There are 2 protein chains.
Amino acid sequence: MSQALVDTVPPQLQLENQLCFPLYAASRMITRLYQDKLTPLGLTYPQYIVMMILWERAPCAVKVVSEHAMLNTNTLTPLLKRLEQQGFIRRSRSVDDERVVMLHLTELGRGLRDDCECVPQALLNKLAVSENDIVQLRDLLSRLLPILSAGVNDD
Amino acid sequence: MSQALVDTVPPQLQLENQLCFPLYAASRMITRLYQDKLTPLGLTYPQYIVMMILWERAPCAVKVVSEHAMLNTNTLTPLLKRLEQQGFIRRSRSVDDERVVMLHLTELGRGLRDDCECVPQALLNKLAVSENDIVQLRDLLSRLLPILSAGVNDD
DNA sequence: GGCAATAATATCGCACACGACATAAAACAA
DNA sequence: TTGTTTTATGTCGTGTGCGATATTATTGCC
C-alpha cells in the first residue's frame, strides 16, 4: 500500500541511499552505548570528549578545547561550568590575557581518567565488530572530517 | 609544555585513536552542512530525516517513523507537532486503534519533496569527496548500524 | 466479563548544539 | 594616542535527544 510509494521517491531521497542518515543514527547509538558506562562516573558523552582533550592538554584555554572538540563556546561554556561544579576542573582567567579562560584539571578530574581507561575496550567487547571494520571506519571518518570541517566554514 | 602530557595518556583514551569522536564530529558537521540547504525550506535536519521517511511511507503511524528514524516518541512528538504547525503534515488518531496516531502528508508536504531533490547532490558537489569513499563509508555504517542498535537495546 | 499485561503515544526534566548577538580585552592603525 | 578591528568568551532562544514516568487503549488470560 504505502510501500508502493517508494517507487515514486527519487533514489537520492530514499533513506537507504543516504550517507547522512546512517552517520547520524550511528553517532547517536554510540553515544547511548557510551552513556551507559559514563553515567556511573558522572559524565555525559560530550563531557567525556572534553575530558579526553583535557587529559591530553590541560592546563589550556577554552579555545583549544573548542578547536579539538569542534564545539563552539556557546556549547562549551555551560558544559565546562558543569564539569567545574562536579569538581573535575577549575576555570580561571589568564593573567597574561584577560580574555582567555584557562582550564585546569583537579585531582578528582585527573583520577577520573583511570576510571575511564576500560570504557573503550568494554564497548568493543560488547559489540563484536571486527577490528578491521573499526579501523577502516575510523580512518575513513578521520580522512573525511577535515573536508567536512572545511565545508562548514566556507561558502 | 602541556603537550608532553600526551605521552602519559593511555592510547585507548587519546582522541586520535577513538572511533567515537570522528563519528560524533562528522555527524555534526554533516548536520550543519545540510542545515544551510534546509533552513530556506523551513526544515531542520531531523525534520528532514522524518520527512524522507514520510515521503516513502505516509500515511503511517508514529511508531513506523520511530522505528525507521531510530528516534523515541519523546523526541518525535514535539518534532511532528512542529511539522504539523508548518503545514507539512496532518496528525489524526486512527479509528481502528485509538492508541495510534496516523501521519498524513499535506499538499505542501508532498510538494516539499521536489524542493529537496537537489539537496543531496548539492552537498556531494560542494565536498569533493570521492564517490568510492562515500559508498565505502555508507556501506560500513549500514553494516555497523544493526549491531549498534542491537547493543543499545540489550544488557 | 473482569483484570493484569502490553502497546502507542505523550509529558517532564536535563543537557547538548548552534545561529545570532553581546561584551570586554588586546592588537593594530592612523 | 585614539579609534577601529580582531579575538576570546559569554548569553539567549529554539530545537533536538533521551531516561524516567504517565496516560489511555487494546490484548490476553482465567
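A, B, ... follow the sequence lines: proteins, then strands. Residue 1 opens every chain. Here the structure is a predicted model, which means the values were calculated and not measured.
In this structure, B:Val95 and B:Thr31 both approach DNA chain D, and ranking their closest nucleotides by distance from the 5' end singles out B:Thr31. Across the interface with DNA chain D, nearest-nucleotide mapping of A:Arg93 and A:Gln35 shows A:Arg93 to be the residue nearer the 5′ end. Comparing B:Thr75 and A:Gln47 against DNA chain C, the residue whose closest nucleotide sits nearer the 5' end is B:Thr75.
Following rounding to the nearest Å, B:Leu79 (CG) and C:dT9 (C1') show an atom-to-atom distance of 15 Å. If you measure from atom CZ of A:Arg32 to atom P of C:dA15, you get 19 Å, rounded to the nearest angstrom. Here C:dG19 presents its P atom at 15 Å from OH of B:Tyr45, a figure rounded to the nearest Å. The CG-C1' distance, from A:Leu71 to C:dC18, rounds to 10 Å in whole Å. For the pair B:Asn72 CG and C:dG13 P, the computed distance is 19 Å after rounding to whole Å. Distance, A:Glu98 CD to C:dA27 P: 12 Å, rounded to whole Å. Rounding to whole angstrom units, OH of residue A:Tyr48 and C1' of C:dA15 are separated by 19 Å. Across the protein-nucleic acid pair, A:Met70 atom CE and C:dC18 atom C1' stand 16 Å apart, rounded to whole Å.
Protein chain A contacts DNA chain D from D:dT7 to D:dG19, reading 5' to 3' and using non-hydrogen atoms of the protein with a distance under 4.0 Å.
Here A:Tyr34 pairs with B:Gln18 under the side chain to side chain donor-acceptor pair (under 3.5 Å) rule; sequence neighbours left out. Shown here are the side chain to side chain donor-acceptor pair (under 3.5 Å) partners of B:Asp97, two or more places apart in sequence or in another chain: B:Arg99. Applying the side chain to side chain donor-acceptor pair (under 3.5 Å) test to B:Arg93 and every residue at least two apart in sequence or in another chain returns nothing. Residues forming a side chain to side chain donor-acceptor pair (under 3.5 Å) with A:Gln35 (at least two apart in sequence, or on another chain): A:Thr39.
Taking only side-chain nitrogens and oxygens, A:Lys81 never comes nearer than 4.0 Å to OP1 or OP2 of C:dC16. Under 4.0 angstrom from either OP1 or OP2 of C:dA10 there lies at least one side-chain N or O belonging to B:Arg91.
Among the atoms of the strands shown, base atoms are found under 4.0 Å from some heavy atom of B:Arg82. At the heavy-atom level, B:Leu76 lies nowhere under 4.0 Å from the strands shown. If you check every strand for non-hydrogen atoms under 4.0 Å, B:Thr44 touches sugar and phosphate atoms only. Using a 4.0 Å heavy-atom distance criterion, A:Asp97 is classed as a sugar-phosphate-only contact.
Listed nucleotides: C:dA25, C:dA10, C:dC16. Nearest to the side chain of B:Val101: C:dA10. In this structure, the nucleotide among C:dT9, C:dA26, C:dA20 sitting nearest to the side chain of A:Arg99 is C:dA26.
B:Arg57 has its side chain within reach of B:His68: a pair of non-hydrogen atoms, C-beta onward, lies under 4.5 Å apart. Between A:Val62 and A:Met102 there is no side-chain heavy-atom pair separated by less than 4.5 Å.
Judged as a salt bridge (Lys or Arg N to Asp or Glu O under 4.0 Å), the pairs with a partner in residues 71-84 of chain A (not counting sequence neighbours) are, in order, A:Glu84-A:Arg91.
Cluster annotation: A:Ile49 and A:Leu137 are assigned to the same hydrophobic cluster (Ile/Leu/Val/Met/Phe/Trp/Tyr, side-chain heavy-atom contacts under 4.5 Å, transitive).
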